[in-house]
*Asks:* 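Dumping the structure here so I can ask a few things about it.
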Protein chains: 2
Amino acid sequence: MRSQADGRKVRGERRRTEIIEATLRVIERDGVAGVTHRTVAREAGVPTSSITYHYATLDDLLIATLISCARDMATEVYWMIDRARSREGLRRSSDSTMGGPSAADEVSALLAEALGPRRGRTMAEYELYLLASRRPALRPAARRWLDVLTSMVRHDDEVAFRVFLAGIDGLLIQGLIDDEPPSAAELLPAVEYLLKPR
Amino acid sequence: MRSQADGRKVRGERRRTEIIEATLRVIERDGVAGVTHRTVAREAGVPTSSITYHYATLDDLLIATLISCARDMATEVYWMIDRARSREGLRRSSDSTMGGPSAADEVSALLAEALGPRRGRTMAEYELYLLASRRPALRPAARRWLDVLTSMVRHDDEVAFRVFLAGIDGLLIQGLIDDEPPSAAELLPAVEYLLKPR
DNA sequence: AATCTACCTGCACGATGGTCCAGGTTCACA
DNA sequence: TGTGAACCTGGACCATCGTGCAGGTAGATT
């Protein structure tokens with residue numbers, strides 16, 4: 001009855017997600033330019049025509065990848081903000097200098113990680129993001145993670161939060177063209193300045 | 001004698017710059033993915049093999065385009081900063097509210113222009129910029145305009161200026177995925193917040 | 001005039017790309 | 001067990017790509 005149909009569907013979905021994950025790996029390694037039916041198929045270990053079967057066109061595949069990627073990004077940044085906030089709250093309540101990492105420390109560490117070990121992933125995300133600016137079909141997916149983030153801040157903070165996110169974006173993009181990824185310590189001053197209240 | 005040889009060389013250089021300009025137009029229209037020997041040749045109105053003759057490989061062509069583009073960007077942002085500064089100086093010296101656009105107005109207008117009429121150009125710049133993060137050969141060219149800009153600020157401003165540039169980058173990139181390019185008025189609050197001194 | 005050299009181009013080759021489709025397999029259901 | 005629909009795949013078609021090269025041209029040199 002249901003279990004069979006679900007098993008069928010689950011298996012179909014599983015292959016789809018495998019393809020998506022393979023696509024993301026290809027983008028991380030070779031960029032969006034390296035995404036072809038054949039490279040993705042080889043990466044996923046599935047026949048070439050399986051890609052065209054599940055995703056009619058390459059654009060569909062990229063859209064699906066971007067959506068999946070956006071979800072990951074949103075949840076990730078969500079937790080980053082959450083942690084930064086609780087630290088900030090702690091810091092304010094206990095007034096002055098105390099042990100433990102500050103919000104700026106936390107954010108700097110995450111940026112350093114995004115530019116170091118997770119560099120490929122960061123590049124992939126911005127490539128997809130930029131691709132969205134060229135193809136309207138991708139824009140809703142690209143906007144989603146921004147919307148998710150902005151929807152969870154108080155309204156009187158909206159501008160400050162938007163500038164904060166813009167600053168993060170800028171620091172990441174500028175960090176991507178460094179030969180050596182910047183350390184958290186090098187990023188700290190900029191992040192501190194960015195977080196400093198007006 | 002010299003004049004003849006120079007005339008020859010000038011003509012050669014002229015064709016080269018024509019190819020570069022055509023490449024930039026192609027990137028503005030179709031993105032880096034649309035750059036092929038043939039598309040660029042058609043855009044420039046030259047035979048296909050002329051591209052391979054002047055630029056051994058496509059990478060060389062992209063590098064040359066990025067260098068040319070970086071020079072334009074640097075000079076452009078230079079004047080933006082220059083104007084913003086003089087406005088700021090004027091504003092500080094005459095203390096409070098007065099007629100004329102503020103620095104934030106000026107910057108917002110430029111951002112709105114970059115996201116509106118010059119949208120294609122802005123996309124092209126960021127695509128090249130992101131491409132540089134993947135190909136080390138392009139990085140020096142991509143870093144140049146950042147270096148030019150950071151070299152012309154006083155040292156005690158360095159962090160603030162870097163954050164300012166990062167914020168600009170972020171606002172531009174986020175603005176690129178809007179269906180309707182944001183107006184200067186919409187951008188103004190964020191720019192004002194970004195410019196607000198700590 | 002003869003020659004040389006740098007400059008340029010048409011053309012074709014091999015590789016790779018997206019896309020399509022006829023046919024095979026699996027599985028719920030009658 | 002038969003049947004139909006959903007699922008999947010090997011293989012081929014045609015377009016386009018990067019690249020190399022034989023050959024052509026125009027100005028410089030002798």
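Below, chains carry the letters A, B, ... as their sequence lines are ordered, and counting in each starts from 1.
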*Asks:* How long is the line joining CG of B:D30 and P of D:dC17, in whole Å?
*Replies:* 11 Å

*Asks:* Who passes side chain to side chain donor-acceptor pair (under 3.5 Å) against A:Y193, sequence neighbours left out?
*Replies:* none

*Asks:* Can you check whether B:L61 reaches B:T65 side chain to side chain, under 4.5 Å on heavy atoms?
*Replies:* yes

*Asks:* In whole angstrom, give the distance that lies between atom NE2 of A:H54 and atom P of D:dT9.
*Replies:* 7 Å

*Asks:* Donor-acceptor check, side chain of A:R143 to backbone of B:I177, threshold 3.5 angstrom: yes or no?
*Replies:* yes

*Asks:* Whole-Å distance between C:dG10 P and B:I51 CD1?
*Replies:* 12 Å

*Asks:* Rounding to a whole Å, what distance do you find between B:R14:CZ and C:dC8:P?
*Replies:* 13 Å

*Asks:* Considering only heavy atoms and no angle criterion, is a donor-acceptor pair shorter than 3.5 Å present between the side chain of A:S49 and the base of D:dG10?
*Replies:* yes

*Asks:* Would you kindly give the NE2-to-P distance between A:H37 and C:dC21, to the nearest whole Å?
*Replies:* 15 Å

*Asks:* How do A:P47 and A:Y53 order along DNA chain D: which one's closest nucleotide is nearer the 5' end?
*Replies:* A:Y53

*Asks:* Check whether any side-chain nitrogen or oxygen of A:R16 sits under 4.0 Å from OP1 or OP2 of D:dC8, and answer yes or no.
*Replies:* no

*Asks:* At less than 4.0 Å, is any side-chain N or O atom of A:S50 found next to OP1 or OP2 of D:dT9? Yes or no.
*Replies:* yes

*Asks:* B:D60 CG to D:dG18 P: how many Å, rounded?
*Replies:* 13 Å

*Asks:* Using a 4.0 Å heavy-atom cut-off, does B:T52 contact any base of the nucleic acid, only the sugar-phosphate backbone, or nothing at all?
*Replies:* base

*Asks:* What is the distance, rounded to the nearest whole Å, between atom CZ of B:R15 and atom C1' of C:dA6?
*Replies:* 14 Å

*Asks:* Would you find a donor on one side and an acceptor on the other, under 3.5 Å apart, between the side chain of A:S183 and the backbone of A:E186?
*Replies:* yes

*Asks:* Starting at CG of A:L58 and ending at C1' of C:dG17, how long is that distance when rounded to a whole Å?
*Replies:* 9 Å

*Asks:* Would a distance-only check, ignoring hydrogens and angles, find a side-chain to backbone donor-acceptor pair under 3.5 Å from A:R16 to A:H54?
*Replies:* yes

*Asks:* Do the side-chain N or O atoms of A:R38 get closer than 4.0 angstrom to the phosphate oxygens (OP1, OP2) of D:dG11?
*Replies:* no

